[in-house]
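Chain naming here is simple, since letters A, B, ... match the order of the sequence lines and numbering starts at 1 in each. Values in this document were obtained by computation on a predicted structure and should not be read as measured data.
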There are 2 protein chains.
Amino acid sequence: MSASDLIRIMLVDDHAVVRAGVRRLLEQDERFLVVAEAESGERAYQQFGEHLPDITIIDLSMPGMGGIEAIGRIIARYPTAKLLVLSMHENTAFASQALKAGAKGYLTKNGLAEELVNALEHLAKGETYINANFSKKIAQQFLNNENNALQQLSTREFEIFRLLAEGSDNNLIATKLNISSKTVANYQTSIKQKLGINNSVEMVRLAIRNGLIES
Amino acid sequence: MSASDLIRIMLVDDHAVVRAGVRRLLEQDERFLVVAEAESGERAYQQFGEHLPDITIIDLSMPGMGGIEAIGRIIARYPTAKLLVLSMHENTAFASQALKAGAKGYLTKNGLAEELVNALEHLAKGETYINANFSKKIAQQFLNNENNALQQLSTREFEIFRLLAEGSDNNLIATKLNISSKTVANYQTSIKQKLGINNSVEMVRLAIRNGLIES
DNA sequence: ATTTACACTAGGAAAAACTCCCGATAATTA
DNA sequence: TAATTATCGGGAGTTTTTCCTAGTGTAAAT
């Protein structure tokens with residue numbers, strides 16, 4: 001194998017344990033080389049520019065800038081970036097949002113090493129990769145009404161919806177996302193309108209029903 | 001170091017990635033030896049009997065028999081087993097449950113390698129170990145005991161709490177109960193205060209957790 | 001029998017949150 | 001190029017929430 005076949009990888013996950021785990025799995029295959037790690041969305045974006053990895057393996061739920069926003073930013077700046085989501089969420093809403101944001105693949109952490117390697121090979125070739133039974137799930141849930149409503153939300157709306165459902169107030173969300181709390185308030189209104197709900201109570205219940213948060 | 005100083009460890013987590021990560025971290029310290037892995041609660045119980053590890057590092061959320069039940073079973077059969085929970089849940093409810101079931105330590109996956117080693121040392125000595133800012137949280141929530149809190153509510157408060165959690169707004173509740181919506185608003189404030197919550201989101205979740213309403 | 005305690009009620013004033021409307025800027029699409 | 005869409009936020013008004021105060025009734029304690 002020549003050096004040019006090496007696939008340079010960046011790992012993004014707020015859990016050091018998970019980064020170490022993926023690193024370990026990748027070390028067993030000489031085609032892969034981990035060139036960078038990041039523990040937050042902000043760092044990921046920064047590191048990406050410095051290392052320009054071939055593939056970035058990224059988690060979705062991270063404090064601060066979440067994975068979906070990080071994906072959005074990286075793709076905005078580097079449209080050909082190959083981002084593979086490695087999430088613990090079996091939930092299709094997350095997957096759809098991530099793919100919408102520009103990710104090229106979606107795996108859950110339940111998957112085994114072989115699947116990870118498989119996905120990486122696909123991405124390296126420029127293809128997308130989604131867990132088999134997962135893409136089925138997505139197809140099914142597309143028929144589901146409620147979920148459709150959720151998919152109607154833009155990336156930003158979805159993100160704010162999630163944070164609201166988690167219990168963050170407007171000011172906290174504004175700080176997290178670095179936007180005005182006025183903007184968050186306005187988003188909240190449009191989210192409720194799109195979802196056809198009147199109060200935050202229904203919002204939480206909808207979020208729970210869709211597995212975005214736990215009760 | 002003599003062989004008897006070796007701390008024999010079993011890893012239990014349904015995510016291969018996480019197991020690999022912990023293993024990698026432990027390999028860097030010669031005092032630790034991973035003697036077994038399990039990917040489910042059932043297997044953990046089985047493997048425990050075969051290997052009798054000094055310490056078991058166990059995740060809580062696993063399909064099938066969850067981590068908490070596994071802890072309970074292992075402790076029931078081997079009361080002196082040293083179980084260290086390594087969870088992604090910052091939620092104190094999980095921690096309390098795990099400790100109640102017999103775990104000797106609780107860490108979140110956000111923790112770094114040093115903390116894991118530290119925790120293992122404590123457990124090896126027969127002590128318990130809980131993440132510092134986490135034990136503070138637990139102490140707080142003990143005072144704040146959800147069930148206690150709910151019973152602290154007066155009849156009227158509880159009634160209004162339920163209606164709010166169902167999604168009724170102040171005016172509707174006022175009509176239903178034949179009181180001023182101003183009164184309902186005031187009740188709402190005192191309810192939140194008594195329950196130690198800041199927004200309606202947490203109110204709904206609390207109501208759901210306590211079976212007052214369904215999601 | 002009177003004090004004490006607490007639940008229930010609600011108004012006023014101020015603060016906070018929300019809604020609705022508008023305009024600006026990019027980026028994407030037709 | 002024109003139209004559309006996502007993001008962002010100000011202005012102004014409305015609604016909700018908070019905090020304070022205060023009256024009533026009931027039940028237990030002194």
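Checking D/dT7, D/dC8, C/dA10 against every side-chain atom of A/I179, the shortest atom distance belongs to D/dC8.
Between A/T155 and D/dA6 there is no side-chain polar atom (N or O) within less than 4.0 angstrom of OP1 or OP2. OP1 or OP2 of C/dC8 lies within a sub-4.0 Å distance of a side-chain N or O belonging to B/S154.
The distance from atom OH of A/Y187 to atom P of D/dG10 is 14 Å, rounded to the nearest whole Å. If you take CD of B/E159 and C1' of C/dT9, they are 14 Å apart, rounded to a whole angstrom. Separating the CG atom of A/N199 from the P atom of C/dA17 is a distance of 17 Å, rounded to the nearest angstrom. Distance CZ (A/F158) to C1' (D/dA6): 17 Å, rounded to an integer number of Å. Straight-line distance from the CD1 atom of A/I191 to the P atom of D/dT7: 10 Å, rounded to whole Å. Rounded to a whole Å, the CD1 atom of A/I197 is 14 Å from the C1' atom of C/dC18. Across the protein-nucleic acid pair, B/L172 atom CG and D/dT15 atom P stand 17 Å apart, rounded to whole Å. Remark: C1' of C/dA10 and CD1 of B/I173 are 16 Å apart, rounded to the nearest angstrom.
A 4.5 Å side-chain heavy-atom check between A/L86 and A/V22 finds at least one atom pair inside the cut-off.
A side-chain contact (heavy atoms from CB on, under 4.5 Å) with A/L33 is found for one member of A/D54, A/I9, A/L26, A/L6 and no other, namely A/L6.
Atom CD of A/E50 sits in a crowded spot, with more than 12 heavy atoms from other residues, nucleotides or ligands closer than 6.0 Å.
As judged by a 4.0 angstrom heavy-atom cut-off over every strand, B/T183 is placed among the base-contacting residues. Residue contacts shown for A/S181 are absent, as no nucleic acid heavy atom lies under 4.0 Å away.
Shown here for A/A95 and A/Y106, the closest heavy-atom pair between the two residues is CA-CE1, 3.4 Å.
A salt bridge between A/E159 and A/R156 is present, with a side-chain N of the basic residue lying under 4.0 Å from a carboxylate O of the acidic one. Under 4.0 Å is where a charged nitrogen must lie from a carboxylate oxygen, and between A/E121 and A/K125 no such pair does. For the pair A/K104 and A/E127, the salt-bridge criterion is not met [side-chain N within less than 4.0 Å of a carboxylate O].
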Using a cut-off of 4.0 Å between protein heavy atoms and nucleotide atoms, how would you tag nucleotides 16-21 of chain D 5' to 3' with B, S and -?
-> -SBBB-
